[in-house]
Amino acid sequence: MFKKLPGDEAARLVSTTPDTAVVFRPAVVQTPAILTLIIAAWRMLAGALRLTWRHPIALAAVVGLGVIWTRYGYPFVLALIGLTATAGLSWTLLDRSSFLRLVGWRLLAWWRLASIYRRHWQPVMIVSGLGRHLRGRDYLPHLLRVTCTPWADLVTVKMLSGQAVTEWTDRTEHLAHGFGAPACRISVERSGRLLLTFPRSDPLSVRLL
């Protein structure tokens, strides 16, 4: 005797063997169009807010250049970019250490965050086993920030609840290979937070320069 199955009703099914598999089509719930539009609009708004929170200076620069272009035309934008580049070059020639400390390393950190760490974060976490894929959803450690020194990238990470530090220290080779670094060193910043150090060059050679 067949039980009632979800989806299309199993009608006129005859089974002569106990282990015969019964194949049925599950019920499909149609989502209202207005609900789909609301979800899409919410995701776009959340993405815009997240972009503003993560990159406020870069976003303000792009918006400012766009406003200047609209009001005064592209020659003013080109002139402003040229003046900024000239000022940066002059600052570098006059006081290279202060330029790197206040501007250079921050720009490099932003670039490496966008082009390397945020771009490869999800696949590296899943493949290395530090993230989890459950019921169609990814649960990943949170990438908090990236800072740069003359010889290394310092990546601050918030671990998943229930993770142990040894899970990370056992996977330093995975992390180094995934993010294109020669090595990875892990230290505990505070409870639940780790500091990953990815060297870009030999610190001794940098100090000798």
May I have the list of side-chain donor-acceptor pairs in residues 78-87 shorter than 3.5 Å, sequence neighbours left out?
unit_1 : atom_1 : unit_2 : atom_2 : d
T84    : OG1    : L80    : O      : 2.8
T86    : OG1    : G82    : O      : 2.8

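- With rounding to the nearest 0.5 Å, the separation of CG in L130 from CG in L175 is 6.0 Å.
- Annotation: the span from L143 atom CG to K158 atom NZ amounts to 13.0 Å, rounded to 0.5 Å.
- Think of L35 as one node in a network of Ile, Leu, Val, Met, Phe, Trp and Tyr side chains linked at under 4.5 Å; its network also takes in I39.
- Side chain of T172 to main chain of W168: no donor-acceptor pair is present (N/O by atom type, distance under 3.5 Å, no hydrogens or angles).
- Partners of V127 under the side chain to side chain contact (heavy atoms under 4.5 Å, CB included) rule, at least two apart in sequence or in another chain, do not exist in this structure.
- Both M159 and I186 are part of a single hydrophobic cluster, where members link through side-chain heavy atoms under 4.5 Å apart.
- Remark: L94 engages no residue in a side chain to side chain contact (heavy atoms under 4.5 Å, CB included) (not counting sequence neighbours).
- Pairs of residues two or more places apart, or lying in two chains, that qualify as salt bridge (charged side-chain N to carboxylate O under 4.0 Å, His left out) and include a residue from residues 159-187 are R132-E167.
- By the side chain to side chain contact (heavy atoms under 4.5 Å, CB included) test, T147 pairs with L154, sequence neighbours left out.
- Enclosure of atom NE2 in H120 by more than 12 non-hydrogen atoms of other residues, nucleotides or ligands within 6.0 angstrom is indicated.
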side-chain contact (heavy atoms from CB on, under 4.5 Å) for L194 and V188? Distances and angles first, verdict last. CA-CA 5 Å; L194 301 177; V188 179; 4.0 Å; yes
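- Clustering ILVMFWY residues whenever any of their side-chain heavy atoms sit less than 4.5 angstrom apart, transitively, puts V124 in the very cluster that holds I116.
- Atom CE of M125 sits about 11.0 Å away from atom NE2 of H174, to the nearest 0.5 Å.
- A side-chain donor-acceptor contact under 3.5 Å links R200 to the backbone of T149.
- The 12-atom threshold is exceeded at CH2 of W105, counting heavy atoms of other residues, nucleotides or ligands nearer than 6.0 Å.
- Contact check for V157 versus L196: side-chain heavy atoms found under the 4.5 Å cut-off.
- In this structure the side chain of L140 never reaches within 4.5 angstrom of the side chain of L160, judged on heavy atoms.
- Nearest approach of A183 to P199, heavy atoms of both residues: O-CD, 3.3 Å.
- The salt bridge (charged side-chain N to carboxylate O under 4.0 Å, His left out) contacts involving residues 107-117 comprise R112-D153, where partners must be two or more places apart or lie in separate chains.
- If you take CZ on R106 and CZ on R101, they are separated by 9.5 Å, rounding to the nearest 0.5 Å.
- For residues 61-78, no pair satisfies salt bridge (charged side-chain N to carboxylate O under 4.0 Å, His left out), with sequence neighbours left out.
- With sequence neighbours left out, the side-chain hydrogen bond (donor to acceptor under 3.5 Å, both in side chains) criterion links E189 to no other residue.
- Following chains of ILVMFWY side-chain contacts shorter than 4.5 Å, one cannot reach W42 starting from L37, and the two form parts of different hydrophobic clusters.
- For the ring-ring contact (aromatic ring centres under 6.0 Å, His included) test, residues two or more places apart in sequence or in another chain that qualify with W121 are F179.
- Cluster partners of I34 are I38, counting Ile, Leu, Val, Met, Phe, Trp and Tyr whose side-chain heavy atoms approach within less than 4.5 Å, directly or via other members.
- The side chain to side chain contact (heavy atoms under 4.5 Å, CB included) test applied to A176 returns C184, not counting sequence neighbours.
- Once rounded to the nearest 0.5 Å, the distance linking CZ of R193 with OG1 of T156 reads 7.5 Å.
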